[in-house]
Amino acid sequence: MVDNTGDLILGIDLGGSKILAAVVKSRGEMLSSDESTTPATEGREVVIQSIIDSAHSALKQANCTISEISAIGIGAPGISNPEAGILFTSPNLPGWRNVLLRDIIQDKLGKKAFLINDANAAALGEFYFGAARGVRNFIYVTLSTGIGGGIIIDGKIYSGAIGAAGEVGHMTIDDKGPICNCGNRGCWEMFASGTALAREARQRIKEGVKTYILGYAEGDVEKVTPKVIHSAAEQGDSLARKLIYRTGYYVGVGLANLINIFNPELIVIGGGLSNIGDMLLKPAFKTAGERSYKEAFQAVRFASAGLGRNSGVLGAAAFALQKMGRLPCE
Ligand SMILES: [Zn+2]
């Protein structure tokens with residue numbers, strides 16, 4: 001038996017590369033956590049089975065049964081409608097179209113479930129349990145393979161007409177820029193994500209620019225990742241440093257747009273790419289300051305995500321608690 005003073009929630013964070021399931025107490029304490037790889041290329045049924053397996057594993061680790069759980073919260077990448085529990089489309093899950101993910105999980109696990117976009121979930125996680133506690137107006141930005149976002153206005157997720165709001169990664173930065181997965185051109189994530197950084201590095205290497213980046217990637221241009229570029233930059237490689245600076249510059253261009261539109265108190269920055277730290281974020285904040293209204297820029301603080309890789313799973317759990325009226329919307 002577990003100490004279940006307060007509600008126990010099963011949080012699920014479905015990502016394009018990993019599935020994280022956790023049993024979470026109502027104050028955000030994680031009793032267990034199970035991580036597995038998302039078999040994204042094997043199709044929908046296989047991915048759903050992996051979610052179920054991961055959920056059972058998290059329950060087992062927490063030494064509890066589904067009957068002791070109050071509800072399930074699922075965070076999923078892509079455009080979804082939380083009210084209808086439907087995932088319309090997801091760039092990270094090929095072949096998924098109009099999937100009633102909430103009902104599928106609800107039926108398979110036999111417990112009430114709630115669906116939310118993964119970056120919105122992460123914003124809620126930071127709001128209730130992380131770096132944005134007590135802040136009523138803030139924006140969460142995740143710099144990762146792509147760029148995701150969650151907008152909290154007056155203590156609530158701003159979800160828009162059909163639940164698709166907060167797709168900050170797809171604001172247009174250059175109308176003639178590279179084509180994005182979403183079909184548009186020159187989206188923010190085409191310039192300021194980990195994918196964009198790696199793409200630029202590969203391009204420069206192919207053009208013959210002198211760099212030690214390849215040495216960190218076993219000599220294989222396909223193995224050039226943001227992590228590899230960061231390692232080279234730390235050793236003083238000039239191309240790597242320039243490319244990280246350029247990515248930071250574009251992060252700042254997008255942040256300036258967000259600052260001018262929302263005048264947030266706080267912008268919380270998470271995602272794997274942000275682990276590069278000052279080398280990326282200093283030029284980002286400098287550019288954001290140069291390109292936004294001075295008064296609005298002076299009013300904003302920046303913070304790193306406080307929950308790290310758990311912000312999504314904790315936020316999915318928080319969303320379920322909120323929907324059941326067990327967490328105040330404040
Ligand atoms: Zn896009």
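Counting starts at 1 for both ligands and their atoms, following the listed order. Because the structure is a prediction, the values reported are computed rather than measured. Just so you know, these numbers use all the heavy atoms, side chains as well, and skip hydrogens, waters and symmetry mates.
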For the Zn ion (ligand 1) the protein N, O or S atom count under 2.8 Å stands at 4

Going by the angle between their ring planes, with limits at 30° and 60°, are Phe302 and Phe285 parallel, tilted or perpendicular? parallel

Would you say the side-chain atoms of Asn120 and Ser159 include a donor-acceptor pair closer than 3.5 Å? no

Side chains of Asp34 and Ser54: is there a donor and an acceptor less than 3.5 Å apart? yes

Sequence neighbours excluded, the answer for salt bridge (charged side-chain N to carboxylate O under 4.0 Å, His left out) partners of Glu265 is none

Could you pull out all residues at least two apart from Ser304 that satisfy side chain to side chain contact (heavy atoms under 4.5 Å, CB included)? none

Side chain to side chain contact (heavy atoms under 4.5 Å, CB included) partners for Ile205, two or more places apart: Thr211, Ile213, Leu214, Val221, Val224

